[in-house]
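The model shown is predicted, which means the values in this text are computed figures rather than measured ones. Residue numbers count from 1 along this sequence. Note that ligands are numbered from 1 as they come in the structure, with each ligand's atoms numbered from 1 the same way.
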Amino acid sequence: MTIFACVNTKGGVGKTTTAVHLAVMLARQQRSLLIDGDPQASAASWAAWRRERIDGAPSPTTVCLSGKAIITEGKPLAQGYVHVVVDAGGRDSVGLRSALLLAEYAIIPVGASQLDAAALTDVMTVVDLARDYNPNLDVRILLTRVDPRTKDAADMLVFLKSQNLVVLNTMICERVAFRRAIGEGATVHEIGKDHLAISEVEAFFQEVVA
Ligand SMILES: Nc1ncnc2c1ncn2[C@@H]1O[C@H](COP(=O)(O)OP(=O)(O)O)[C@@H](O)[C@H]1O
Ligand SMILES: [Mg+2]
């Protein structure tokens, strides 16, 4: 069993997009649980839209947990599943800290901008605290919403390496298919139109399950 958490104290970076794609890709293989730990409940909205699709595609079981319950209830719940993905809220909160205590593998989606770079200090402070109690926590940065026409991602990579952060090789670009998929309770695979988006999430998946 692996418990993943998609975390960042910053909002709008792609945590929910990453979490739902990961949860569905895991659900294609084995019983998976998606814990929506964000009070804004975006993953739960996605799951509700997904239930309306009635196409029988493999899906994770989705539950909403808040604050400390992410660990106190999340831990026993996780026992019934092979894989668990937590979509954590976008600010420093009890929920985010609980997600980092429950997780074995933290994925930190970050955009490639000065603001994202500046905001990283906040999330890394929380991650470092969590490591005191969860020393085996594996932490990886995922560059998301990248504009491939600019050198922003290359600049961001230099910065991330200078901070000794572990960065996944796969980058997720800004693509309409990602936005559309979430609104339809789907994944980019199920939308099926954007092959580049599909290859990016598949490459990401291979990297994190390897
Ligand atoms: N790779 C992407 N390409 C295009 N839009 C994206 C991408 N990732 C996220 N978005 C959009 O950006 C917004 C924030 O993404 P979301 O996954 O909800 O971030 P978070 O959970 O970190 O707040 C949403 O409207 C989402 O559809
Ligand atoms: Mg979200």
Report, in ascending order of atom number, the atoms of ligand 1 lying under 4.0 Å from any heavy atom of C173. 1 (N), 2 (C), 3 (N)
Can an N or O of D87 be found at a distance shorter than 3.5 Å from an N or O of ligand 1? no
Near Q40 CD, under 6.0 Å, is it more than 12 heavy atoms from other residues, nucleotides or ligands? no
Any side-chain heavy-atom pair of M25 and H189 under 4.5 Å: yes
Using a 3.5 Å distance criterion without hydrogens, assess whether the side chain of D38 forms a donor-acceptor pair with backbone atoms of G89. no
Between the candidates R180, M171, R179, Q40, which shows the shortest non-hydrogen contact distance to atom 27 (O) of ligand 1? R179
So the atoms of ligand 1 within less than 4.0 Å of a heavy atom of V13 turn out to be 19 (O), 20 (P), 22 (O)
One finds that the ligand 1 atoms under 4.0 Å from a non-hydrogen atom of T17 are 8 (N), 9 (C), 15 (O), 16 (P), 17 (O)
Does R175 approach ligand 1 within less than 4.0 angstrom via side chain, backbone, both or neither, non-hydrogen atoms only? backbone
Give the numbers and elements of all ligand 1 atoms closer than 4.0 Å to a heavy atom of G12. 14 (C), 19 (O), 20 (P), 22 (O), 23 (O)
Going from CD1 on I182 to CH2 on W49, what distance comes out if it is rounded to the nearest 0.5 angstrom? 8.5 Å
Could you point out which residue of H195, H21, R175 forms a side-chain hydrogen bond (donor to acceptor under 3.5 Å, both in side chains) with E200? R175
May I ask you to identify, for S42, whether its side chain, its backbone, both or neither come under 4.0 Å of ligand 1 on a heavy-atom basis? neither
Would you mind listing which atoms of ligand 1 come within a distance below 4.0 Å of any non-hydrogen atom of G11? 23 (O)
